[in-house]
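Working notes, beginning with the structure itself.
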Amino acid sequence: MNSSSAYKKKLIEVALPLDDINAASAREKSIRHGHPSTLHLWWARRPLATARAVIWASLVDDPSAHPEEFPTEEEQQAERERLFDILRELVIWENSNNPRVLDAAKAEIHRSMGDDVPALLDPFAGGGAIPLEAQRLGLKAYAQDLNPVAVTINKAMIEIPPKFAGNKPVNPRSQAERPLDTWEGNTGLAADVEYYGNWMREEAFRRIGHLYPKVGVPKEQGGGEATVIAWIWARTVKCPNPACGHETPLVRSFDLSKKKGKEWHVEPIVENGGVRFEVRPGKSDREGTVNRRGATCLHCGMPIGFDCIREAGKHAELGIRLMAVVGEGDRARLYLTPCEEQVQSAQVKKPSAFPSVKLFGKAQVNIGLYGLNETADLFTNRQLTALVALSDLVNEVREKAYIDAIKSGMEANDTGLDGGGTGASAYSEALSVYLQFALDKVIDRGSTLCCWDAGYQKIGNTFGRQALPMRWMFAESNPLADSTGGFAGSVRWVSEAVASLPTSEPILGSARQFDAQSDCGIRNIMVSTDPPYYDNIDYSDLSDYFYVWDRAGLQEVFPKQFGTMLTPKEEELVAAPYRFDGGKREAKRYFENGMRKVFSGLTRCVISDVPMTVYYGYKQSETAKQGAAETTSSSGWETILQAIIDSGFSVTGTWPMRTELVSALKSSMNALASSIVLVCRKRPDDAPICTRRELVTALRRELHPALDKLQAANIAPVDLAQSAIGPGIGVYSRYAHVLDADGSEMGVRAALQLINEELDAYFNDQSDGTDAMSRFCIELYTQAGFNDVKYGEAEVLANAKNVSIQAMEDVGLLNADKGIVHLLTRDQIEMKTSLTQPAWLLAQQLTVLLDKEGVEGCAKHVSQVSLADAERAKSLAYRLFTIADRRGWAGEAFAYNSLVTSWSDIAGRAHELLRFVPVQERLEF
Ligand SMILES: C[S@@+](CC[C@H](N)C(=O)[O-])C[C@H]1O[C@@H](n2cnc3c(N)ncnc32)[C@H](O)[C@@H]1O
Ligand SMILES: [Zn+2]
């Protein structure tokens with residue numbers, strides 16, 4: 001069976017400018033303002049650049065699918081490069097809403113798909129990266145997730161904005177001050193989010209402002225009064241020493257500010273069985289009172305074990321003490337000794353009603369040890385009071401905005417968002433969704449698990465990690481102040497993110513709550529999805545923290561979605577042992593069976609002419625294991641691969657996606673991709689069976705050209721092996737069954753081994769094509785790196801390759817002296833060029849030049865030899881990378897990887913330089 005007979009290959013099934021996609025994805029992490037991810041926290045979000053690239057390259061044909069237009073491999077490669085250029089621009093964050101770039105990208109989609117651009121389904125939509133990017137590229141997106149919080153995020157990103165795109169804001173201020181302005185995209189909506197958010201803040205201030213008095217500033221620190229940004233609290237425990245028994249604070253560090261020249265700390269003063277805190281300039285010279293091993297009593301110095309602290313926690317006997325107050329100064333933070341008024345202002349009664357639910361799993365496992373079992377246990381009474389006040393206002397703001405909307409001329413339609421409305425009622429509900437998100441930001445920075453970051457001098461968030469870890473000290477934010485953790489700032493973040501959401505086309509996306517294991521009924525749809533991974537993240541357990549508040553604020557808007565007390569757990573695909581009485585194996589089985597159900601179901605949904613793409617995200621521990629040379633048991637990734645294939649898909653591509661910058665790879669070349677994108681096609685029902693021998697023959701025939709294409713696309717050597725799995729496993733999974741020599745069915749694991757062997761064979765073939773001296777160098781490098789070997793041994797090797805040691809010394813490849821031979825290191829080689837430059841020497845020279853002089857230096861050098869030679873040196877770099885990587889020579893591997901990843905720049909620049917070389921001197925191309 002011919003692999004390409006059934007369907008047109010898409011770009012993603014042949015080659016990608018992976019390095020550019022990965023670089024853009026890594027860069028995106030540092031973008032904050034206006035990024036859609038700042039709308040609401042979700043765990044393990046995919047970068048938009050990755051999602052965008054994957055969707056686009058799944059829709060655009062690979063040039064090889066059009067042999068009539070691109071008959072030769074060269075023409076196909078040139079066309080691929082043209083497509084890569086479009087993709088390279090498309091993934092840049094700054095181009096996210098650039099009409100020129102988006103139009104060019106959409107035009108390519110239409111060129112390949114005609115007018116039948118399919119819709120996209122993401123059954124595990126989470127934070128919504130994939131549906132959002134589908135919508136940006138002009139596809140109708142269906143976002144599904146089991147989790148109501150995730151569904152709400154998706155509604156906020158793809159369903160709500162298009163309904164109101166281009167609308168004027170309804171608030172009276174904009175109406176009065178800017179009646180004639182046009183409001184493009186979501187800017188009107190964003191302006192209203194800001195206006196009504198401010199109204200909420202003012203209203204909250206009226207109701208609870210007295211709980212947040214300004215703080216008096218001593219003369220030495222400038223005098224007057226300051227708004228409080230944060231109260232720094234320490235938990236306390238009663239010392240178990242019977243002779244002591246005093247209340248002692250649990251303090252990790254007494255430092256408040258570590259900013260150079262502006263250090264501040266807290267000095268605990270022990271007197272009369274009590275502790276007083278004084279805030280003083282400079283660094284603290286004492287250790288904290290609690291570390292990993294346990295705590296120490298400030299009064300008597302006795303160690304206090306965690307068991308004792310846990311016991312106290314369980315009996316609600318842990319207290320809290322105010323250690324410092326952080327005020328807002330003119331230009332710097334003010335660190336102040338707590339005064340009585342500030343202590344008193346925190347003495348607030350618990351509100352009479354507030355939402356709270358029991359915490360489970362990773363959300364509970366650590367803090368539960370200390371008696372924190374419910375969501376409301378994570379807030380002080382004052383925090384809880386503020387949250388309740390703001391939550392009430394989320395409900396009230398709807399009423400207010402509704403009246404204004406009608407006054408502004410919006411249709412007085414009472415159909416809400418859930419009913420598909422687009423009038424005043426739906427609009428006011430939409431505003432409350434975004435304002436609930438602003439409140440969720442306050443909640444994330446408003447618990448007793450938020451610490452004070454003495455380096456950045458700001459409040460951390462509750463979910464710094466994908467769990468809820470206990471904190472001894474915490475920073476209570478001021479939700480009414482305009483600083484971290486404040487509502488006003490949160491509203492601004494949300495409003496900026498709203499303004500940046502794509503609205504280039506009025507396509508209504510759809511987000512709904514749905515269990516991916518059931519049949520969604522949608523057919524002929526493109527699927528791209530990022531499923532959960534085993535026990536990596538307990539989404540439902542973590543999200544309950546927000547869910548209870550979302551429910552309080554939005555139940556009227558989405559009654560069904562917020563109908564349950566907790567987020568649904570039972571159907572959630574997560575390998576959480578606690579849900580199976582601690583049974584790890586049962587949990588794993590549940591997860592794997594569930595995934596099989598999902599993928600078999602998806603075979604009914606997927607459209608046949610676009611591949612399905614599935615992200616597989618590694619866990620940290622799994623990546624570490626993968627880096628090790630051998631693993632004994634099947635990894636999670638192999639299991640999922642097998643599940644997808646067993647469900648009726650063949651896998652035609654595997655792309656390693658990384659979100660670390662390449663420079664971060666230098667220290668550890670084994671830092672593998674953070675995820676792999678699997679490209680899948682539905683296997684025809686009549687797919688044939690084949691034998692192991694037939695598989696090997698097919699692999700040999702098809703893998704080599706596929707690897708040629710990957711190399712021609714300058715895929716980073718570090719990514720080559722994982723990228724090669726795609727075309728390899730594509731051959732394997734094309735068959736209904738592959739039978740091993742003994743008649744048993746061959747699994748993914750064995751197939752992966754065969755693919756690896758073919759990869760080696762490919763490299764060997766490649767080096768067979770290089771010059772004899774280089775082949776000698778490769779061999780010696782493999783055996784000894786740049787280290788000494790005995791002359792006799794080197795000579796045997798040289799004879800086998802039919803070259804002489806002397807000749808190689810003359811060319812400047814090695815040094816032979818006193819019966820010892822070694823390859824010249826990069827510091828030792830000369831930079832001369834000749835017409836018969838061995839590829840080895842050129843490769844080494846280029847790595848040196850890249851390091852010392854960058855792309856420009858390399859390009860100059862390349863322009864002095866033939867480009868064909870240069871290409872050979874690049875190919876060699878792949879081979880040398882593999883050798884170095886397998887031996888764990890990180891620095892070496894990095895050098896070759898860098899050379900390849902810079903190759904398109906080097907070659908481009910060399911071309912430019914050659915244009916200026918007088919014709920008679922120009923060398924053959
Ligand atoms: C890895 S996350 C998706 C992340 C997303 N791609 C992003 O960029 O934010 C996986 C999602 O699967 C959802 N999920 C888990 N079990 C599910 C089920 N049975 N049906 C639907 N969604 C489920 C989780 O709630 C979670 O949001
Ligand atoms: Zn004591």
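Whatever order the structure lists ligands and atoms in, that order sets their numbers, starting from 1.
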Can a cation-pi geometry be assigned to [X] and [Y], taking NZ or CZ under 6.0 Å from the six-membered ring centre and within 45° of the ring axis?
X    : Y    : result
K441 : F437 : no
R32  : W493 : yes
K588 : Y590 : no

Establish, from distance only, whether the side-chain atoms of [X] and [Y] form a donor-acceptor pair under 3.5 Å.
X    : Y    : value
N147 : S540 : no
Y547 : T375 : no
Y534 : E592 : yes
R52  : S96  : yes

I'd like to check which ligand 1 atoms, numbered from 1 as shown, lie under 4.0 Å from a non-hydrogen atom of [X].
X    : value
P123 : 21 (C), 22 (N)
E572 : 15 (C), 16 (N)
D515 : 18 (C), 19 (N), 20 (N)
F514 : 20 (N), 21 (C)
Q517 : 19 (N)
G127 : 5 (C), 7 (C), 9 (O)
N147 : 25 (O)

Of the side chain and backbone of [X], name the one, both, or neither that has a heavy atom under 4.0 Å from an atom of ligand 1.
X    : value
A51  : neither
F124 : both
S543 : neither
R46  : both

Contact flag H246/the Zn ion (ligand 2), N/O/S atoms, threshold under 2.8 Å:
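Coordinating: no.
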In terms of residue, atom name and distance, what is the protein heavy atom nearest to [atom]?
atom                    : answer
atom 22 (N) of ligand 1 : L146 N, 3.2 Å
atom 20 (N) of ligand 1 : A516 N, 2.8 Å
atom 2 (S) of ligand 1  : Y539 OH, 3.1 Å
atom 10 (C) of ligand 1 : D530 O, 3.5 Å
atom 24 (C) of ligand 1 : D145 OD1, 3.6 Å

Do F649 and L678 pass the side-chain contact (heavy atoms from CB on, under 4.5 Å) test, and can you show the C-alpha distance, the side-chain angles, and the key distance before you say yes or no?
CA-CA 11 Å; F649 287 98; L678 300 164; over 6 Å; no
Is the shortest distance from a Lys or Arg side-chain nitrogen in E159 or R512 to a carboxylate oxygen in the other one below 4.0 Å?
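No, this pair does not count.
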Between D535 and K362, does at least one N-O distance fall below 4.0 Å, as a salt bridge requires?
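Not counted as a salt bridge, because no side-chain N and carboxylate O are separated by less than 4.0 Å.
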Taking a cutoff of less than 4.0 Å between a non-hydrogen atom of the residue and any ligand atom, is S37 in contact with ligand 1?
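No, that is not the case, since the closest heavy atom of the residue is not under 4.0 Å from the ligand.
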List the steps and the verdict of salt bridge (charged side-chain N to carboxylate O under 4.0 Å, His left out) for R579 and D541.
CA-CA 11 Å; R579 295 192 196 166; D541 295 338; 3.3 Å; yes
From CA spacing to verdict: side-chain hydrogen bond (donor to acceptor under 3.5 Å, both in side chains), Y545, T462
CA-CA 10 Å; Y545 178 81; T462 303; 3.2 Å; yes
Are any of the N/O atoms in L573 less than 3.5 Å from those in ligand 1?
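Indeed, backbone or side chain, L573 has an N or O that close.
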N/O to N/O below 3.5 Å, does that happen between D122 and ligand 1?
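The answer is no, given that D122 and ligand 1 share no N or O pair closer than 3.5 Å.
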Taking the Zn ion (ligand 2) as the vertex, how big is the angle to SG in C300 and SG in C239, rounded to 10°?
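With the Zn ion (ligand 2) as the vertex, SG (C300) and SG (C239) sit 100° apart.
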Please state the angle at the Zn ion (ligand 2) spanned by SG of C244 and SG of C297: what is it, rounded to 10 degrees?
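Here the angle at the metal atom is close to 110°, to 10°.
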Considering A129, A125, P531 one by one, which has a heavy atom nearer to atom 5 (C) of ligand 1 than any of the others?
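The option holding the nearest heavy atom is A125.
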Heavy-atom closest contact (Q135 atom, L508 atom, distance)
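Heavy atoms of Q135 and L508 come nearest at OE1-C, 4.4 Å.
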Please check if the number of heavy atoms outside E271 that lie under 6.0 Å from its CD is greater than 12.
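Counting other residues, nucleotides and ligands, CD of E271 exceeds 12 neighbours.
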